[in-house]
Amino acid sequence: MERVAIKVYNTMTRQKEEFIPQDGRRIGIYVCGVTPYSHTHLGHARPSIVWDVVKKFLRSQGYDTYHVQNFTDVDDKIIARANEAGMSALELAKEFIAEHLACMDALGVERADVYPKVSEHIPEIIALVERLIDNGHAYAADGNVFFDVSSFAEYGKLSNQKRDELLEGTRFDPDPAKRSPEDFALWKKAKPGEPAWDSPWGPGRPGWHIECSAMSHKYLGCEFDFHGGGSDLIFPHHENEIAQSEAATGKTLARYWVHNGMLNLQDAKMSKSLGNIVNVQDLVARYPKELIRYYILSTHYRSELEYYEGKLDEMSRGWKRMNQAVFSLRSLLRDAELREEVSGEDDAVLSRIRQIRGCIVAALADDFNTAQAIGLLFDLVREVNAYSGRSEAPSRIVLEAAHGVFQEYGRTILGIIPDEPEAEESSLVEPLLDLILNIRQDLRAGKNFALADKIRDSLQELGIVVEDTPRGPRWKIEGVSSDADL
RNA sequence: GGCGGCAUAGCCAAGUGGUAAGGCAGAGCUCUGCAAAAGCUCCAUUCCCCAGUUCGAAUCUGGGUGCCGCCUCCA
């Protein structure tokens with residue numbers, strides 16, 4: 001199939017580059033996942049939704065994707081929380097992992113191919129640490145192992161920092177066992193009451209960054225295409241990953257570094273430590289997943305994104321208009337008398353639809369510009385609304401072309417347009433409603449508007465919205481589930 | 001102190017050299033028994049400020065100002 005050229009902003013080079021996959025077709029993606037010590041918040045939803053769209057877009061371009069997303073389930077905060085709650089650290093992590101996955105499912109985020117956990121990769125981590133010691137890039141000290149930053153000349157290349165300037169504004173007291181303050185822990189000596197594993201350096205557990213190096217090597221090899229995560233991970237997490245991985249293998253860890261912007265709440269970054277958190281669980285219960293995705297994807301992934309109470313309600317007005325257009329299209333395609341051929345005017349509209357489609361592909365190929373793609377979808381909304389409004393008998397070909405674009409990009413790739421509701425119960429509901437509405441039409445023809453309005457109001461109370469159009473009445477079911485909430 | 005990013009209408013937001021997408025809100029109109037939905041028109045001579053490069057700059061360069069992120073756990 002024909003592929004468009006895809007451009008990606010690479011944090012490493014600080015510019016957009018043409019994306020060329022390592023193996024031609026199969027694309028390896030490693031996205032840094034969460035440390036499951038607390039509830040999943042909206043800030044976590046952003047990279048998940050962004051990468052969900054990226055994967056689906058890449059596949060629509062004929063690529064295969066292999067997506068790895070880790071859970072850092074061994075960590076100081078998890079241990080602290082677990083002690084407070086009187087449960088084991090791994091048990092606590094397991095609960096929040098389950099919640100996280102459930103939240104992502106509820107947001108329509110496709111699952112990763114693998115979700116490796118630190119606790120299940122201790123041997124791989126130990127092997128990597130040993131290798132770094134053998135290479136002279138790490139040293140053991142008092143039951144700990146530290147990475148020797150001075151041994152890696154390229155340290156700082158991702159975050160563009162110079163080693164001697166790194167420590168000037170720093171606010172922590174370095175561990176006295178370190179040779180140099182900027183060295184970081186690969187293996188931490190066990191403290192009483194902490195989960196620990198045996199190692200050549202005594203009982204302990206992995207340091208923060210090493211798990212991602214070990215697990216990405218295992219599942220994607222020592223060099224792969226995309227490495228992603230929030231921009232707050234650039235330093236030190238990703239910088240340290242690069243140091244460990246590249247010092248160990250001599251290969252370039254990732255070819256493209258892709259970082260999403262932060263989600264802000266009242267001008268401050270949403271983060272667990274600040275406590276200004278919007279739970280995804282709560283949000284998903286209140287709003288349709290397609291609306292949440294629409295909100296997140298309306299801003300380019302690298303920009304900061306603001307959230308405040310009521311934001312989604314504001315966003316919902318435009319979103320509903322788009323869905324209304326798709327809804328009209330679907331109901332038109334279902335029953336109206338449509339022309340099966342195309343005429344002169346149809347041709348013009350058809351070529352406009354194709355043009356918009358091409359622009360959407362180009363927007364997504366340009367550093368995954370979902371905001372622009374959504375803008376183009378609105379152009380299509382106006383185009384198709386105008387067409388079906390002015391045309392006596394619209395052409396099926398034209399309507400299907402427009403609907404196809406909404407389906408492929410709005411629904412499948414961006415996930416901002418709900419699925420067509422399953423017509424399961426409609427076997428009975430549909431003829432019944434047709435019957436009622438036919439009678440109502442007779443009443444309207446006989447100018448018995450009082451009774452006609454009563455029928456409409458009563459149906460409304462049942463959650464069925466009736467709209468009279470020049471082409472007769474149409475109906476939709478509202479509020480049955482979040483999916484159907486147009 | 002170091003590194004990085006951002007500043008576009010009342011609000012949200014695209015746009016990296018060719019004369020300001022899109023959405024919301026607002027105004028007017030059309031359609032309409034009513035309601036709903038929809039369409040059309042209008043709504044930034046101008047992109048934080050100053051200087052420069054250029055035939056031409058929101059876009060490039062230099063200098064300001066303001067905000068944000070990272071340098072400590074963080075998506």
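The chains referred to below are lettered A, B, ... by the order of the sequence lines, with proteins before strands, and numbering in each begins at 1.
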Practice task
Select base, sugar-phosphate, or nothing to describe what R317(A) touches, counting heavy atoms under 4.0 Å on all strands.
Solution key: sugar-phosphate
Handout entry: Any donor-acceptor N/O pair, W319(A) side chain to I416(A) backbone, under 3.5 Å
Key = yes
Handout entry: Nearest-Å distance once atom P is located in both rU53(B) and rC43(B)
Key = 34 Å
Practice task
Please measure how far the P atom in rG26(B) lies from the corresponding atom in rA36(B), and state the result in whole Å.
Solution key: 14 Å
Exercise for the section: Side chain of Q372(A) only, please: which of rC12(B), rG15(B), rC3(B) is the nearest? Expected result: rG15(B)
Exercise for the section: Mind checking S303(A) for me? I need base, sugar-phosphate or nothing, with any heavy atom below 4.0 Å counting as a touch. Expected result: sugar-phosphate
Handout entry: Nucleotide paired to rA75(B) in any strand shown, Watson-Crick or G-U, under 3.5 Å
Key = none
Fill in the blank from the handout: Out of rA14(B), rA75(B), rG22(B), minimum distance to the side chain of R382(A) belongs to rG22(B)
Problem - Value in whole Å for how far the P atom of rU72(B) lies from NE2 of H237(A) - result: 15 Å
Completion exercise
Here the distance between atom C1' of rU72(B) and atom CD of E239(A), to the nearest Å, is 16 Å
Exercise for the section: Could you measure between the two P atoms, the one in rA20(B) and the one in rU45(B), and give it in whole Å? Expected result: 11 Å
Handout entry: Watson-Crick or G-U wobble partner of rC67(B), both distances under 3.5 Å
Key = rG5(B)
Practice task
Looking at every strand, decide which applies to H41(A) at a 4.0 Å heavy-atom threshold: base, sugar-phosphate, or nothing.
Solution key: base
Completion exercise
Ranking rA75(B), rA14(B), rG5(B) by distance to the side chain of R14(A), first place goes to rG5(B)
Practice task
Would you mind telling me which of rC68(B), rA35(B), rA75(B) lies closest to the side-chain atoms of R456(A)?
Solution key: rA35(B)
Handout entry: Contact nearer the 5' end of RNA chain B, comparing F235(A) with D453(A)
Key = D453(A)
Completion exercise
Here the distance between atom C1' of rG69(B) and atom NE2 of H238(A), to the nearest Å, is 15 Å
Fill in the blank from the handout: Closest to the side chain of H44(A), out of rA75(B), rA35(B), rA25(B), is rA75(B)
Exercise for the section: In whole angstrom, give me the gap between the C1' atoms of rA14(B) and rC29(B). Expected result: 29 Å
Exercise for the section: Could you tell me whether the side chain of D468(A) has a donor or acceptor atom within less than 3.5 Å of a complementary atom in the base of rC34(B)? Expected result: yes
Practice task
Would you check if the side chain of Q69(A) reaches a backbone N or O of A112(A) as a donor-acceptor pair within less than 3.5 Å?
Solution key: no
Handout entry: Out of rC11(B), rA14(B), rC68(B), whichever nucleotide has its closest atom nearest the side chain of N264(A)
Key = rC68(B)
Practice task
Could you check whether L263(A) gets within reach of a base, just the sugar-phosphate, or nothing at all, counting any heavy atom under 4.0 Å?
Solution key: base
Handout entry: Contact under 4.0 Å: N369(A) side-chain N or O vs rA14(B) OP1/OP2
Key = no
Handout entry: Spacing between R46(A) atom CZ and rG69(B) atom C1', to the nearest angstrom
Key = 12 Å
Handout entry: Member of F71(A), Y30(A), Y219(A) meeting the ring-ring contact (aromatic ring centres under 6.0 Å, His included) criterion with Y115(A)
Key = F71(A)
Handout entry: Between rA13(B) (P) and L305(A) (CG): distance, integer Å
Key = 7 Å
Practice task
Quick one: label Y301(A) by what it contacts on the DNA or RNA (base, sugar-phosphate, nothing), any heavy atom closer than 4.0 Å.
Solution key: nothing
Problem - Any K157(A) side-chain heavy atom under 4.5 Å of I242(A) side chain - result: yes
Exercise for the section: Provide, to the nearest angstrom, the distance between the CD atom belonging to Q324(A) and the C1' atom belonging to rG23(B). Expected result: 16 Å
Problem - 5' priority, RNA chain B, between E467(A) and S298(A) [closest heavy atom] - result: S298(A)
Problem - Phosphate contact (rC73(B) OP1 or OP2) by S38(A) side-chain N/O below 4.0 Å - result: no
Handout entry: Within residues 8-18 of chain A or reaching into it, pairs that qualify as salt bridge (Lys or Arg N to Asp or Glu O under 4.0 Å) - sequence neighbours excluded
Key = K16(A)-D366(A)
Handout entry: Side chains of L377(A) and Y294(A) in contact at under 4.5 Å (non-hydrogen atoms)
Key = no
Handout entry: Nucleotide forming a Watson-Crick or wobble pair with rG62(B), both distances under 3.5 Å
Key = rC50(B)
Problem - R444(A) (side chain) and rG33(B) (base): donor-acceptor pair under 3.5 Å - result: yes
Exercise for the section: Assess the pair W51(A) and H67(A): is the distance between their ring centroids shorter than 6.0 Å? Expected result: no
Handout entry: Partner nucleotide, any strand, of rC42(B) [Watson-Crick/G-U, under 3.5 Å]
Key = rG26(B)
Problem - Nearest-angstrom distance from the residue atom NE2 of H100(A) to P of rA75(B) - result: 8 Å
Handout entry: Any N385(A) side-chain N or O less than 4.0 Å from OP1/OP2 of rG39(B)
Key = yes
Problem - From R354(A), R352(A), R357(A), residue fulfilling salt bridge (charged side-chain N to carboxylate O under 4.0 Å, His left out) relative to E383(A) - result: R352(A)
Handout entry: Integer-rounded Å distance: rG39(B) P and D379(A) CG
Key = 12 Å
Exercise for the section: Name the closest nucleotide to the Q161(A) side chain, picking from rA38(B), rC3(B), rA75(B). Expected result: rC3(B)
Handout entry: Closest nucleotide among rG39(B), rA75(B), rG23(B) to the C32(A) side chain
Key = rA75(B)
Exercise for the section: Determine the contact category for N160(A): base if any of its heavy atoms lies under 4.0 Å from a base atom, sugar-phosphate if only primed atoms, P, OP1 or OP2 are that close, otherwise nothing. Expected result: sugar-phosphate
Problem - Euclidean distance for C1', rA25(B) against rA44(B) (whole angstrom) - result: 16 Å
Completion exercise
Checking rA75(B), rG69(B), rC34(B) against the side chain of M270(A) (C-beta onward), the nearest is rA75(B)
Exercise for the section: State the pairing partner of rA14(B); accept Watson-Crick or G-U wobble contacts with both distances under 3.5 Å, and report none otherwise. Expected result: none
Fill in the blank from the handout: Residue set satisfying ring-ring contact (aromatic ring centres under 6.0 Å, His included) with H41(A), at least two apart, ordered chain then number -> H44(A)
Exercise for the section: Taking atom C1' in both rC6(B) and rC48(B), compute the distance separating them and give it to the nearest angstrom. Expected result: 12 Å
Exercise for the section: Using the P atoms only, state how far rC55(B) lies from rC50(B), rounded to an integer number of Å. Expected result: 23 Å
Exercise for the section: Could you check whether F378(A) and the base of rG22(B) form a stacked pair, meaning centres closer than 5.5 Å and planes differing by less than 30°? Expected result: no
Exercise for the section: Taking only the side-chain nitrogens and oxygens of R321(A), find out if one of them lies under 4.0 Å from OP1 or OP2 of rG39(B). Expected result: yes
Exercise for the section: Taking atom C1' in both rG23(B) and rA13(B), compute the distance separating them and give it to the nearest angstrom. Expected result: 8 Å
